[in-house]
Amino acid sequence: MIDTPASLATPYRSHTCGALRAIDAGSAVRLAGWVHRRRDHGQLIFLDLRDRHGITQVVIDAADAPTAHAAATAARSEFVVTVAGTVARRLPGTENAKLPTGDIEVQATSFTILNEAKTPPFYINDPDAPVDEALRLKYRYLDIRREPMQQRLLLRSRLVQAIREVHHANGFVEVETPNLIKSTPEGARDFIVPSRLQPGSVYALPQSPQQLKQLLMVAGVDRYFQIARCFRDEDLRGDRQPEFTQLDLEMSFVDEAAVMDFVEAMVIAVSKSVVPDRPIQQAPFPRFTYDAAVERFGSDKPDLRFGMELVDLAQDLCAADGTPSSGFRVFDEAIAAGHRVKAIAVPGLADAPRSRIDELTETARRFGAKGLAHLAIEADGSIKSPIVKFLGDDLAGRLAARAGATSGDLVLIVADTTDLTNDVLGRLRADLGVRLGLVDPDVLAYCWVHRFPMYKWDADGARWDATHNPFSGVVPEDEALLTTISGDPTRPSPDDPAGRARAMQYDIALNGWELGGGSVRIWRHDLLERSFALQGYSEARMRNMFGAILDAFEYGAPPHGGIALGIDRWAALLAYQTNIREVMAFPKTQSGNDPMLDAPSEPDPTQYADLGLQFVGISGKSA
Ligand code: ASP
């Protein structure tokens, strides 16, 4: 990016602090910025002057500019100053190759302190200085002055710009949807805003613009996108905040492939524009069905930067007639119960000490496993494990080979229900892949996971819950499965064919994070009614929650589908971060606070009165 001096010039500066080069030597210039560093050599004062664009060295010589020198004597770190002077090449040997402006300095003729600054609570000029995050958030405006945050916010800005460019070039219309709406469920709690004009009523902040974007399709907008702020009241984690930003899009007259193809091309174009040096591992992106992803990686957001796939050991554990015959009770019982015995081969951990194995077992237990078996493949190919005495050397060797292990590897084995086995091994795989450094941190491994189950049985509610969006469409081949054994969609049961139906739902993952998800929607009335009935929505509840969309669907809804991608997550991964707070200007803490603005805070009593509210406390907690 090149600063154009003319467009950035203001009454305070002719150039930014990042603009001047050797070719400018001899020019009269004016700069403005913050004092980054100050070195006082008596007659000569050296100042590094900083703004968002860079750093320029300024020299104030008492002999040449006594007034400027006197003013500069009072300047301290982070004072805001403006300097006029002449650009000069630095003396040979004193150039600073680390700075783009390092060949020159500005010899000051005048120097003005525009504003003083208190000593900051942490070093602004040392990007590597460790600073407590609470302090960074309290003084976020100072934190953002520091180089790393500046770079990350710039990257985020370039990301959003690139996204906009690709969408505009592909016939999308950017439409803003309101934030004061009615609940749009996305599986979280709503933030609600009481209405003053209609006391007793509330707006909900959007968990996503889902219904509105579908209405825009009925409205004939054809292709919509928005950089949309979404609000979800849920517990915070590294990749979650109560408010976050999505790239939200919807397209008309599309099937699954059309949406996925556009999104993939967009993601590639945006990645190449924002981080041109980071390789995309594979394009076209690998596409896995949900079942295959979970079988192979134990995750619906697999990290494809390393192998370590999950391998089923059943065929080696059974006799020819299928009866379990391993000799190790835990495996045999699991197989007999119809459960699974699966493994991963972890490279280089064969000589892990006992304490490391204990730690892995403890981690597996935390993930829900009852235990974790292991086989260590020694350098000579022999197998060391407490369970070899049950399995025998031969079977232990075959299991290790089946798991794909070679000398030096440690095979980890879980025997449990299908879901638990896959989940525990998937989490161990994800954790170990990163911790053992099996990933190239530069690589961007995007992939698709699609064909999710349409519903999940909710035993408490005795109904089929949509696994994603209640409007997700069913894959055409599975349309006939949207039925119940009873024949009445309002009387579902856990063995219904509906449980086998797959949704036209697709998620995009990047380096083990879910980057986004979407679906082709149900746009036909008959299917929508059937699906809602299976999900246990009564007519009245359905109308109450989705009245607008149900009405709109009576007026000619085109086939449509879309997706939403988390901008914060995408920016974080492109900026090598594992916490989305690092790419948000003003994020909340883990407990949902903004320590800088002191939010949330108690309202002014008149605000409650205007809304007809009174805080009575939450049962069990004092008011
Ligand atoms: N509304 C969905 C979400 O926020 C995305 C989509 O289906 O387009 O996750």
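Counting from 1, the numbers follow the sequence of the chain as shown. Remember, it's 1-based here, ligands and their atoms both numbered in the order they're listed. Because the structure is predicted, anything quoted here is derived from the model rather than measured.
- Contacts of Gln207 with ligand 1, taken as heavy-atom pairs under 4.0 Å, are absent altogether.
- The side chain of Ser208, and not its backbone, has at least one atom closer than 4.0 Å to an atom of ligand 1 (non-hydrogen atoms only; side chain from C-beta on).
- Counting protein heavy atoms only, atom 6 (C) of ligand 1 is closest to Gln210 OE1, 3.3 Å.
- Counting only distance, with no hydrogens or angles, the side chain of Ser531 and the backbone of Leu527 share no donor-acceptor pair below 3.5 Å.
- Under the 30°/60° scheme for interplanar angles, the aromatic rings of Phe225 and Phe172 are found to stand perpendicular.
- Using a 4.0 Å cut-off to heavy atoms of Gly518, the atoms of ligand 1 that qualify are 6 (C), 7 (O).
- Of all the atoms in ligand 1, the ones that sit under 4.0 Å from a non-hydrogen atom of Ile563 are 8 (O).
- Gln505 does not count as a contact of ligand 1, since none of its heavy atoms falls under 4.0 Å from the ligand.
- Taking each of Glu250, Arg232, His468 in turn, the one with a heavy atom nearest to atom 4 (O) of ligand 1 proves to be Arg232.
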Would you check, one step at a time, whether the test side-chain contact (heavy atoms from CB on, under 4.5 Å) holds for Leu304 with Phe297?
CA-CA 9 Å; Leu304 298 185; Phe297 307 103; 3.6 Å; yes
From CA spacing to verdict: ring pair (Phe, Tyr, Trp, His ring centres under 6.0 Å), Tyr224, His560:
CA-CA 11 Å; Tyr224 140 94; His560 61 284; over 10 Å; no
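- Among the candidates Lys213, Arg229, Gln210, Gln226, the single residue satisfying the side-chain hydrogen bond (donor to acceptor under 3.5 Å, both in side chains) test with Asp248 is Lys213.
- Within the 4.0 Å heavy-atom shell around ligand 1 one finds Arg521.
- Taking the ring centroids of His450 and Tyr290, they lie at or beyond the 6.0 Å cut-off.
- For ligand 1, the atoms sitting less than 4.0 Å from at least one non-hydrogen atom of Ala564 are 5 (C), 8 (O), numbered in the order shown with element in parentheses.
- Considering only non-hydrogen protein atoms, atom 9 (O) of ligand 1 sits nearest to Glu186 OE1, 3.7 Å.
- Judged by distance alone, the side chains of Arg581 and Gln590 do bring a donor and an acceptor atom under 3.5 Å apart.
- With hydrogens left out, the protein atom closest to atom 8 (O) of ligand 1 is Lys213 NZ, 2.6 Å, a heavy atom.
- Both the sub-6.0 Å distance and the 45° axial angle are not jointly satisfied by Arg140 relative to the ring of Phe586.
- A cation-pi arrangement is present between Arg278 and Tyr576 under the rule of less than 6.0 angstrom and at most 45 degrees off the ring axis.
- Shown in contact with Gln246 at under 4.0 Å from a heavy atom are these atoms of ligand 1, numbered in order with element: 3 (C), 4 (O).
- Summary of contacts: the protein heavy atom closest to atom 5 (C) of ligand 1 is Gly517 O, 3.3 Å.
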